[in-house]
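In the text below, chain A, chain B and the rest are named by the order of the sequence lines, each starting its count at 1.
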There are 2 protein chains.
Amino acid sequence: MGNSQKDEAPLADCPVTYALRLIGGKWQIPILWALCQNRVLRYQELKRKIAGITNMMLAQSLKELESNGLVTRIQYTEIPPRVEYSPTEAALRLLPALEELGKWGAEMKQRSLPVEGPQ
Amino acid sequence: MGNSQKDEAPLADCPVTYALRLIGGKWQIPILWALCQNRVLRYQELKRKIAGITNMMLAQSLKELESNGLVTRIQYTEIPPRVEYSPTEAALRLLPALEELGKWGAEMKQRSLPVEGPQ
DNA sequence: CAGCATCCCTTAAGATACTG
DNA sequence: CAGTATCTTAAGGGATGCTG
């Protein structure tokens, strides 16, 4: 990023911002949600549960989640190949926060205020 | 719940994703946090409290927050101009979720797993 | 003081095609 | 089956300078 190397430690230390760096991508939460509900899913099952995701995004997001300690990947060396994904303990501990956020989101949605971006 | 009806209703209906559309920008949370703590702040006060933000991003983020019903803007027509921002009720109701997220983020941070992106 | 306008750059995300 | 590689597009974010 073109960040100015000046002085500030702007939002680097905000834990919420940190959390969003882990799960703020477009697909991270849908993936984690599916995994937390099912505890273990194969790649294709996951893909089928998440409407609209492409292989690219699913594989890439899973990799990031794994790197960040939120998903465990187990590969069975058989033919045909089989890989299973599960949520880590850390991911499961995220659920209360997600539920709070979800409650709030649902509330906000109901008031049917349109979501506006910059014009 | 959450079984695929047909196919494409991807994440449009996920309340968490909806919430993140409202507050997922880089500066929304720092801004809301400052406002919720102080209840009312002028533009420059806000800017000073949020290290690293530019006029562009502050003004733009405030506008979006206002459009989405999370921030109230009151403009006093005097010279020099004075504008005050406050959190709406909806923004205040977000606090529990932010606190949960923050707790989790702090936990995650401590395990000092590096935050990885795509390579 | 409280902002907009403009231009630019980086990153996220998606389409498409191919492989062990 | 479970992914990669490559390319393209879209959006977010930022620097700088100007205005009511």
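For D:dG14, one of the phosphate oxygens OP1 or OP2 lies less than 4.0 angstrom from a side-chain nitrogen or oxygen of B:Trp27. Look at A:Lys63 and you'll find a side-chain N or O under 4.0 angstrom from OP1 or OP2 of D:dT4. Contact annotation: A:Arg42 side-chain N/O to D:dC1 OP1/OP2 distance is not under 4.0 Å.
Nucleotide C:dC1 holds its P atom 14 Å from the OH atom of B:Tyr85, rounded to whole Å. The separation between A:Leu41 atom CG and D:dC1 atom P is 15 Å, rounded to whole Å. Rounded to whole Å, the distance from CZ on A:Arg73 to P on D:dA2 is 10 Å. Between the CZ atom of A:Arg82 and the P atom of D:dG3 there is a distance of 13 Å, rounded to whole Å. As rounded to whole Å, 13 Å separates atom P of C:dC4 from atom CD1 of B:Ile53. A straight line from CG of B:Leu62 to C1' of C:dC1 spans 14 Å, rounded to a whole angstrom. Atom CD in A:Gln75 sits about 15 Å away from atom P in D:dC1, given to the nearest Å. The distance from atom NZ of B:Lys47 to atom C1' of D:dG14 is 12 Å, rounded to the nearest whole Å.
Other residues, nucleotides and ligands place more than 12 heavy atoms under 6.0 Å from the CD atom of A:Glu78.
Checking A:Ala59 against A:Pro80, the closest nucleotide of DNA chain D that is more toward the 5' end is the one next to A:Pro80. Each of B:Met56 and B:Gln44 lies near DNA chain C, and the nucleotide nearest B:Gln44 is the one positioned closer to the 5' end.
Nearest approach of A:Ser86 to A:Arg39, heavy atoms of both residues: CB-O, 3.1 Å. Of all heavy-atom pairs spanning B:Leu92 and B:Pro87, the tightest one is CD2-CG, 4.1 Å. When all heavy atoms of A:Leu70 and A:Ala91 are compared, the pair lying nearest together is O-CB, 3.3 Å.
Taking every side-chain heavy atom of B:Lys26 into account, D:dG14 is the closest of D:dT4, D:dG14, D:dA2. Here the nucleotide nearest the side chain of B:Pro81, chosen from C:dC1, D:dT4, C:dA13, is C:dC1.
Screening A:Ile23, A:Val16, A:Leu98 for a side chain to side chain contact (heavy atoms under 4.5 Å, CB included) involving B:Trp104 leaves a single residue, A:Ile23.
In this structure, A:Met56 is not a member of the same hydrophobic cluster as A:Val71, with clusters built from ILVMFWY side-chain heavy atoms closer than 4.5 Å.
Side-chain contact check for A:Glu84 versus A:Leu41: every heavy-atom pair is 4.5 Å or farther apart.
As judged by a 4.0 angstrom heavy-atom cut-off over every strand, A:Tyr76 is placed among residues making no nucleic acid contact.
Note on the helix from C:dC1-D:dG20 to C:dG20-D:dC1: terminal axis deviation equals 50°, with five pairs used at each end and the result rounded to 10°.
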